[in-house]
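What follows is a short report on a single structure.
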Protein chains: 2
Amino acid sequence: MRDPVRLEAAGWGMAGATIYDVAARAGVSIKSVSRVLNGEANVSEALRRKVEGAVAELGYRRSLSARSLAGSASSIIAALVDATLTIEHWRSGRGNDYLSRLELGLLMECRQADHHLMVELVDYDAPTLRQDLASLLTAIRPQGVVLTPPNSDNDVVLEVLSELAVPFARIGPETAPDLGVRIRMDDAGAAEQITDHLLDLGHVDIAHISGPAAYSASRLRRTGFEAALRRRGLTPRPEWVAEGQFTFGSGLDAAERLLGGPRRPTAIFAANDDMALGVLQAAAARGLRVPHDLSVAGFDDTPSAVFSTPPLTTIRQPVAEMAAAAAQRLIPLLKARLDANDGLEEVIVPHSLMIRGSTSQPA
Amino acid sequence: MRDPVRLEAAGWGMAGATIYDVAARAGVSIKSVSRVLNGEANVSEALRRKVEGAVAELGYRRSLSARSLAGSASSIIAALVDATLTIEHWRSGRGNDYLSRLELGLLMECRQADHHLMVELVDYDAPTLRQDLASLLTAIRPQGVVLTPPNSDNDVVLEVLSELAVPFARIGPETAPDLGVRIRMDDAGAAEQITDHLLDLGHVDIAHISGPAAYSASRLRRTGFEAALRRRGLTPRPEWVAEGQFTFGSGLDAAERLLGGPRRPTAIFAANDDMALGVLQAAAARGLRVPHDLSVAGFDDTPSAVFSTPPLTTIRQPVAEMAAAAAQRLIPLLKARLDANDGLEEVIVPHSLMIRGSTSQPA
DNA sequence: CATCATCTTGACAGCGCTGTCATTCGCCCC
DNA sequence: GGGGCGAATGACAGCGCTGTCAAGATGATG
């Protein structure tokens with residue numbers, strides 16, 4: 001058995017107890033302590049009680065690094081976040097509501113399962129992405145990785161993750177329907193639902209501001225929008241779909257184009273709230289009253305959607321729930337040491353339509 | 001030298017290279033690799049080049065756990081976040097803009113310094129806080145800890161951190177002016193400035209909705225508010241200070257009280273934006289036009305402040321910058337292995353007054 | 001040219017765990 | 001009553017690094 005004085009010499013000030021201390025206190029071997037802590041089979045009740053007592057008395061907690069190094073659970077979940085996007089947010093001085101909610105969900109689950117959340121910035125545009133990611137993963141050896149939009153589909157990332165056999169969950173996956181745990185909402189269905197809401201109000205001339213076509217969320221929302229029209233026997237007019245960039249400014253511009261055309265739509269469904277807010281501004285600039293002269297619908301239910309004038313009718317994405325579901329699905333995987341990321345389940349979480357002041361019957 | 005086949009057997013799929021692989025490839029000892037990587041002195045140029053070459057070829061990156069375990073840098077920064085608050089946010093389904101911006105700042109700095117960010121929920125109300133925190137810290141052994149508002153002052157936490165000699169930074173510290181790196185803004189000064197703005201516009205009858213007196217941010221803002229009045233020879237009227245809870249609802253209630261009094265103020269300065277938004281709503285409910293009949297000022301510059309009607313005049317807290325400053329100050333500390341948390345510098349970051357539509361001359 | 005200080009490099013022992021394998025102990029059965 | 005078997009526990013070797021200490025290389029010095 002080792003010298004207990006070692007404790008004081010650790011340089012990290014008052015160091016915590018180690019497994020040796022617990023073993024000594026309980027009068028058992030370190031392996032037995034390890035067994036109890038890992039809930040291994042074939043442990044006598046007496047042993048368990050002795051160990052648990054010692055653990056409690058010493059306030060012992062296993063070292064993450066040691067566990068991780070010894071080849072077992074690191075109990076770290078890494079959330080991979082888009083660096084470029086983050087830098088943009090940083091520059092604009094704004095937080096990222098989506099990411100924040102996502103993280104909330106992850107944190108809540110991590111807390112329950114006694115796991116830890118590490119947030120990592122990844123530069124998805126770097127030519128060295130493959131290399132970067134591999135380094136990152138071997139450096140921190142997370143037990144599971146959560147891919148966040150809009151980067152849940154990067155081929156290189158999926159490849160590296162598969163090669164390294166790291167379990168992963170994808171929030172809002174778009175392609176590669178067979179890799180990892182996939183958690184998403186029904187974008188098309190939600191878009192259809194909110195378009196239906198406008199149609200139900202009596203609108204016929206409905207325009208859409210889509211997101212960048214590169215994102216399938218954009219495509220799915222547009223698809224849903226058009227499907228809703230078609231189901232009512234209406235033909236989507238291409239000139240009434242403007243592509244935006246998911247930003248306030250691009251929404252404003254798109255609205256200008258849409259409202260400046262020969263025939264003015266009575267409702268605009270923007271593919272996200274930021275753009276819808278831009279529409280609100282464009283409408284105000286033209287002296288159009290919302291919702292009297294123009295109904296506006298968004299997507300996402302960002303915080304500002306509640307405080308805009310009028311408040312936005314929008315789709316509430318259950319982001320935190322998605323994240324929690326991801327972690328929930330991921331953590332058992334870790335336990336099972338299941339390292340095949342194929343054929344895992346897909347979870348579709350329910351969204352909700354938030355009807356607020358920005359939509360009404362056409363005048 | 002070890003068996004290179006080991007690589008394939010690691011069970012983690014394609015494992016990354018280890019220091020042994022690099023050493024073998026470079027034809028040097030592992031210690032030399034370690035030396036180069038740590039930038040230790042007395043390393044020949046030739047050695048450095050050989051090692052760096054091998055590292056590059058292999059895409060080698062040191063294992064966090066091993067480094068941490070071996071007693072050196074864990075390169076982990078832990079951000080301690082209030083669990084109760086987080087759960088509330090989780091329930092409400094809203095993100096946390098403040099936290100998000102804070103994290104952004106931390107992430108940016110971590111990225112630069114090749115550190116990692118771990119976000120940890122802490123239940124500050126738990127009777128076992130001391131124990132919990134000690135366990136947490138010994139489990140993850142972060143190199144530095146960032147305390148986030150409103151928990152930058154918890155005595156138990158500061159104590160544990162000091163005992164464990166973990167360097168820490170405090171965002172928005174209120175008490176204990178000599179512990180850790182302290183990063184804050186000038187709350188009183190900012191409050192004074194925004195009150196001055198109202199006074200400059202010609203307002204005399206200015207009311208204040210403060211935050212909970214328990215938070216010194218509340219007290220400082222109130223102090224600044226009253227100081228501004230006094231400097232103009234005005235006497236603050238206690239009945240024109242209402243205490244809110246930093247929430248929308250409490251702002252609305254407080255505004256009701258203030259506006260329902262015998263003499264109606266022409267301007268209200270709320271200690272945060274959420275409450276100011278409540279004031280906006282209360283004013284609208286009473287048919288008061290803002291800013292014509294009532295000027296409203298907030299504090300924080302939350303995202304909704306931009307999209308409210310009218311947009312809020314408010315104080316912009318440079319949260320991300322504060323966080324970045326914290327990390328910036330913390331990381332060198334880690335390197336220097338400085339484990340005294342006393343007498344460290346205090347950083348006061350500049351705020352800015354955002355003048356928007358919610359304030360104007362009194363009618 | 002021997003001597004000593006200085007620079008450069010390597011061997012080796014942990015850090016705190018987990019995994020493997022060996023050992024002990026009871027207990028059942030013929 | 002001996003052989004066999006499973007359950008319970010322990011001894012010990014790493015995991016991939018860093019720190020310590022020793023040794024070899026180099027150069028300065030008298």
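Convention: sequence-line order gives letters A, B, ...; per-chain numbering from 1.
Using a 4.0 Å cutoff on non-hydrogen atoms, the parts of residues 52-64 of chain B near DNA chain D are B:Y60, B:R61, B:R62, B:S63, ordered by number. The stretch residues 44-51 of chain B touches DNA chain C through B:S44, B:L47, each having a heavy atom under 4.0 angstrom from the strand.
Contact annotation: B:N42 side-chain N/O to C:dC7 OP1/OP2 distance is not under 4.0 Å. Contact annotation: B:T18 does not reach the phosphate of D:dG16 (side-chain N/O to OP1 or OP2, under 4.0 Å). Side-chain nitrogen and oxygen atoms of A:S34 include none within less than 4.0 Å of the OP1 or OP2 phosphate oxygen of C:dC17. Applying the 4.0 Å criterion to OP1 and OP2 of C:dT18, one finds that A:N38 has a side-chain N or O inside that range.
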Query raised in the report: Would B:E163 and B:E159 satisfy side chain to side chain contact (heavy atoms under 4.5 Å, CB included), going step by step from the backbone distance to the final call?
Result: CA-CA 6 Å; B:E163 279 170 8; B:E159 220 175 285; 4.0 Å; yes
**Report entry** Step-by-step side chain to side chain contact (heavy atoms under 4.5 Å, CB included) determination, A:I171 to A:L102
**Finding:** CA-CA 9 Å; A:I171 308 285; A:L102 201 108; 3.8 Å; yes
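The stretch residues 44-57 of chain B participates, sequence neighbours left out, in these salt bridge (Lys or Arg N to Asp or Glu O under 4.0 Å) pairs: B:R25-B:E57, B:E45-B:R49, B:R48-B:E52.
Shown here are the salt bridge (Lys or Arg N to Asp or Glu O under 4.0 Å) partners of A:D114, two or more places apart in sequence or in another chain: A:R61. Here A:R101 pairs with A:D97 under the salt bridge (Lys or Arg N to Asp or Glu O under 4.0 Å) rule; sequence neighbours left out. Residues meeting the side chain to side chain contact (heavy atoms under 4.5 Å, CB included) test with A:D155, sequence neighbours left out: none. In this view, A:P173 and A:D153, A:R170, A:R182, A:R184 satisfy the side chain to side chain contact (heavy atoms under 4.5 Å, CB included) rule, not counting sequence neighbours. For B:S65, the side chain to side chain contact (heavy atoms under 4.5 Å, CB included) partners are A:S65, A:S68, A:L69, B:S63, not counting sequence neighbours. Not counting sequence neighbours, the partners of A:R111 by the side chain to side chain contact (heavy atoms under 4.5 Å, CB included) test are B:A83, B:L121, B:D123. Under the rule for a side-chain hydrogen bond (donor to acceptor under 3.5 Å, both in side chains), A:S44 has no partner lying at least two apart in sequence or in another chain.
Between B:R67 atom CZ and D:dC15 atom C1' there is a gap of 16 Å when expressed in whole angstrom units. As a whole-Å value, the separation of A:I30 CD1 from D:dG10 P is 10 Å. The distance from atom CD1 of B:I140 to atom C1' of C:dC17 is 17 Å, rounded to the nearest whole Å.
Taking five base pairs at each end of the helix from C:dC1-D:dG30 to C:dC30-D:dG1 and finding the rotation axis that steps the C1' atoms of four pairs onto the next four gives two axes whose angle is 50°, to the nearest 10°.
Comparing C:dT18, C:dT9, D:dT18 by their nearest atom to the side chain of B:A70 picks out D:dT18. Closest to the side chain of A:A66, from the set D:dT9, C:dG16, D:dT18, is C:dG16. Closest to the side chain of B:I19, out of C:dG10, C:dC17, D:dC17, is D:dC17.
The shortest non-hydrogen separation linking B:A79 to B:L106 is CB-CD1, 4.0 Å.
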Polar pairs (N or O, both sides) under 3.5 Å between protein and nucleotides 20-25 of chain D?
none

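For the pair B:V157 and B:Y124, the minimum side-chain heavy-atom distance is below 4.5 Å.
Checking side-chain atoms of B:D21 against main-chain N and O of B:T18 turns up a donor-acceptor pair under 3.5 Å.
With B:Q328 as the partner, the side chain to side chain donor-acceptor pair (under 3.5 Å) test is satisfied by one option alone out of B:E109, B:Q112, B:E321: B:E109.
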